[in-house]
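Atom set for the values below is all heavy atoms of this structure, side chains included, hydrogens, waters and symmetry mates excluded. Only a predicted model underlies this, so the values are computations on that prediction, with no experimental measurement involved.
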Amino acid sequence: MRSPEFQSKQLDVIQEPVSSLPDYGRVPIAFEIHSVFDVSRAGGDEPDFVLTERAVAEHRIKDYDAIAGEDPATWRARFDLSNWT
């Protein structure tokens with residue numbers, strides 16, 4: 001028997017016009033950084049990698065939409081959206 005997190009769920013997909021992109025810009029995407037992962041080789045013959053979490057000295061907030069010209073409302077002028085779904 002499958003555990004509850006693997007049960008099927010219904011997903012409704014709707015198509016919206018490009019004019020809806022500014023609405024997506026109102027969804028906050030900011031996040032606070034408390035730690036980072038260092039990447040190192042695992043050793044041996046396989047090209048495996050090990051991630052080691054490390055706390056950062058100063059917590060930071062990342063918010064890419066706060067950068068001028070990066071919010072979804074500007075995408076139409078920057079990208080060819082004709083095949084975006």
Side-chain angles (χ1 to χ4, degrees):
M1 180 173 178
R2 288 182 156 185
S3 61
E5 67 263 21
F6 293 110
Q7 291 181 354
S8 297
K9 298 186 189 241
Q10 180 176 335
L11 175 67
D12 295 324
V13 177
I14 57 172
Q15 186 173 359
E16 295 182 348
V18 173
S19 59
S20 297
L21 280 175
D23 295 334
Y24 288 93
R26 291 197 299 263
V27 177
I29 65 163
F31 56 94
E32 188 170 356
I33 299 172
H34 296 271
S35 62
V36 295
F37 285 92
D38 294 320
V39 181
S40 60
R41 295 287 308 255
D45 295 334
E46 297 297 319
D48 293 332
F49 295 92
V50 174
L51 298 176
T52 306
E53 187 173 13
R54 172 177 51 86
V56 294
E58 294 182 32
H59 296 178
R60 295 184 300 258
I61 303 283
K62 283 282 194 171
D63 185 0
Y64 294 106
D65 285 342
I67 301 169
E70 295 295 323
D71 61 287
T74 66
W75 292 354
R76 187 188 311 194
R78 296 176 53 215
F79 303 110
D80 176 6
L81 306 181
S82 60
N83 292 314
W84 285 28
T85 301

* **Check: V39 and V50 side chains under 4.5 Å, non-hydrogen atoms** => no
* Results of salt bridge (charged side-chain N to carboxylate O under 4.0 Å, His left out) for D38 - residues two or more places apart only -> R54
* To do: Output all residues satisfying salt bridge (charged side-chain N to carboxylate O under 4.0 Å, His left out) with D23, sequence neighbours left out; order by chain, then residue number.
  => R26
* Asked: Which ILVMFWY residues are connected to V18, directly or by a chain of links, through side-chain heavy atoms under 4.5 Å apart?
  -> L21, Y24, W75, F79, L81, W84
* V56 and E58: CA distance, side-chain angles, deciding distance, side-chain contact (heavy atoms from CB on, under 4.5 Å) verdict -> CA-CA 6 Å; V56 294; E58 294 182 32; 6.0 Å; no
* Kindly write out the residues that satisfy side chain to side chain donor-acceptor pair (under 3.5 Å) with E53, not counting sequence neighbours, or none if the list is empty. => S35
* To do: Mind jotting down which residue pairs meet the ring pair (Phe, Tyr, Trp, His ring centres under 6.0 Å) criterion with at least one end in residues 33-64? Sequence neighbours excluded, please.
  => H34-H59
* **With sequence neighbours excluded, residues passing side chain to side chain contact (heavy atoms under 4.5 Å, CB included) with I14** => E16
* Yes or no on side-chain contact (heavy atoms from CB on, under 4.5 Å) for D63 and I29, after CA distance, side-chain angles and deciding distance? -> CA-CA 6 Å; D63 185 0; I29 65 163; 3.8 Å; yes
* To do: Report yes or no: do I33 and I67 belong to one cluster of Ile/Leu/Val/Met/Phe/Trp/Tyr joined by side chain heavy-atom distances under 4.5 Å?
  => yes
* Asked: What residues form a side chain to side chain donor-acceptor pair (under 3.5 Å) with R60, not counting sequence neighbours?
  -> none
* To do: Could you pull out all residues at least two apart from P28 that satisfy side chain to side chain contact (heavy atoms under 4.5 Å, CB included)?
  => none
* To do: Please list all pairs passing the salt bridge (Lys or Arg N to Asp or Glu O under 4.0 Å) test where one or both residues lie in residues 75-85, with sequence neighbours left out.
  => E70-R78
* To do: Report the residues that fulfil side chain to side chain contact (heavy atoms under 4.5 Å, CB included) with A73, sequence neighbours left out, ordered by chain and then residue number.
  => P22, D71
* To do: Quick one: list whatever passes side chain to side chain contact (heavy atoms under 4.5 Å, CB included) with A68, sequence neighbours left out.
  => none
